[in-house]
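Report on the structure given below.
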Amino acid sequence: MPNRFVIADPKRCLGCYTCIAACAFVHEEQGLQPFPRLYLTYTSEGIMPIQCRHCEDAPCAEVCPVEAIKKEGNAIIIDEKACIGCKTCLLACSFGAIDFSVQDSLEQSIFKDIKENLMQDQKTQQRIVAVKCDLCNFREEGPACVQFCPTKALKLVDGVMR
């Protein structure tokens, strides 16, 4: 079965950033990075959010050296605690849907005992973590961006579009 993903209608998007705010808010409530998993792009066709397409072949997961990116159900999910911040997934993503956030403390990391880690800022004891759309897989209501979009420009697609 093909993966689930969110698509946007650029003609309906207002560029109001409600989707971005909702995304960051619900992830912070879950104890995850309070960082949006999508961003807006402005084109001649209109404004639209860019986010993960949860590719069936998942090149991001294929290149992850620590298997922090995995398929769960019909979505490709990043385990933020296992991510080492190497950025190979960013290079592999053809949609540009992966970004990086600075995690507040190494205490949240499985790598907290490693002092000479490349992704660590030695002065602030922070680490870089990959973030991407996870379809808010922890919410029964589904993706917050879809639920809270005031113009219904976003739509969750389950399987093949017809």
Residue pairs meeting side-chain hydrogen bond (donor to acceptor under 3.5 Å, both in side chains), one or both in residues 12-26, sequence neighbours left out, come to Tyr17-Tyr42

- Query: Do the side chains of Ile47 and Tyr39 join up, straight or via other hydrophobic residues, at under 4.5 Å, putting them in one cluster?
  - Reply: no

Residues Cys64 and Ala68: closest non-hydrogen pair is SG-N, 3.1 Å

Closest non-hydrogen atoms of Phe5 and Leu135, given as atom of the first, atom of the second and distance, are CA-CD2, 4.1 Å

Residues at least two apart in sequence or cross-chain that pass salt bridge (charged side-chain N to carboxylate O under 4.0 Å, His left out) with Lys87, listed by chain then number, are none

Contact check, side chains of Asp57 and Glu62, non-hydrogen atoms, under 4.5 Å: no

Sorted by chain and number, sequence neighbours left out, side chain to side chain donor-acceptor pair (under 3.5 Å) with Arg139 holds for Gln147

Here the ring-ring contact (aromatic ring centres under 6.0 Å, His included) pairs for residues 138-157, sequence neighbours left out, are His27-Phe138

Original post:
Can you tell me if Asn3 uses its side chain to pair, donor with acceptor, with the backbone of Cys55 under 3.5 Å?
Top reply: yes

Shortest non-hydrogen pair, Cys136 vs Gly142, comes out as CB-O, 3.7 Å

Does Ala153 offer a backbone N or O that forms a donor-acceptor pair with the side chain of Asp9 under 3.5 Å?
no

Ser101 meets the side chain to side chain donor-acceptor pair (under 3.5 Å) criterion, sequence neighbours left out, with Gln33

Are Ile98 and Ile50 connected, step by step, through hydrophobic side chains (Ile, Leu, Val, Met, Phe, Trp, Tyr) whose heavy atoms are closer than 4.5 Å? no

- Task: List the steps, then state whether side-chain contact (heavy atoms from CB on, under 4.5 Å) holds for Cys23 with Leu38.
- Result: CA-CA 8 Å; Cys23 177; Leu38 68 157; 3.7 Å; yes

Review point. Are Arg37 and Glu28 within salt-bridge range, i.e. N to O under 4.0 Å?
Key: no

Any chance CD of Glu67 has more than 12 other-residue heavy atoms, nucleotides or ligands included, within less than 6.0 Å? no

Practice problem: Examine distances only and state if a side-chain atom of Arg53 and a backbone atom of Val6 form a donor-acceptor pair shorter than 3.5 Å. | Solution: yes

Residues at least two apart in sequence or cross-chain that pass side chain to side chain contact (heavy atoms under 4.5 Å, CB included) with Ala61, listed by chain then number, are Ala58, Ile69

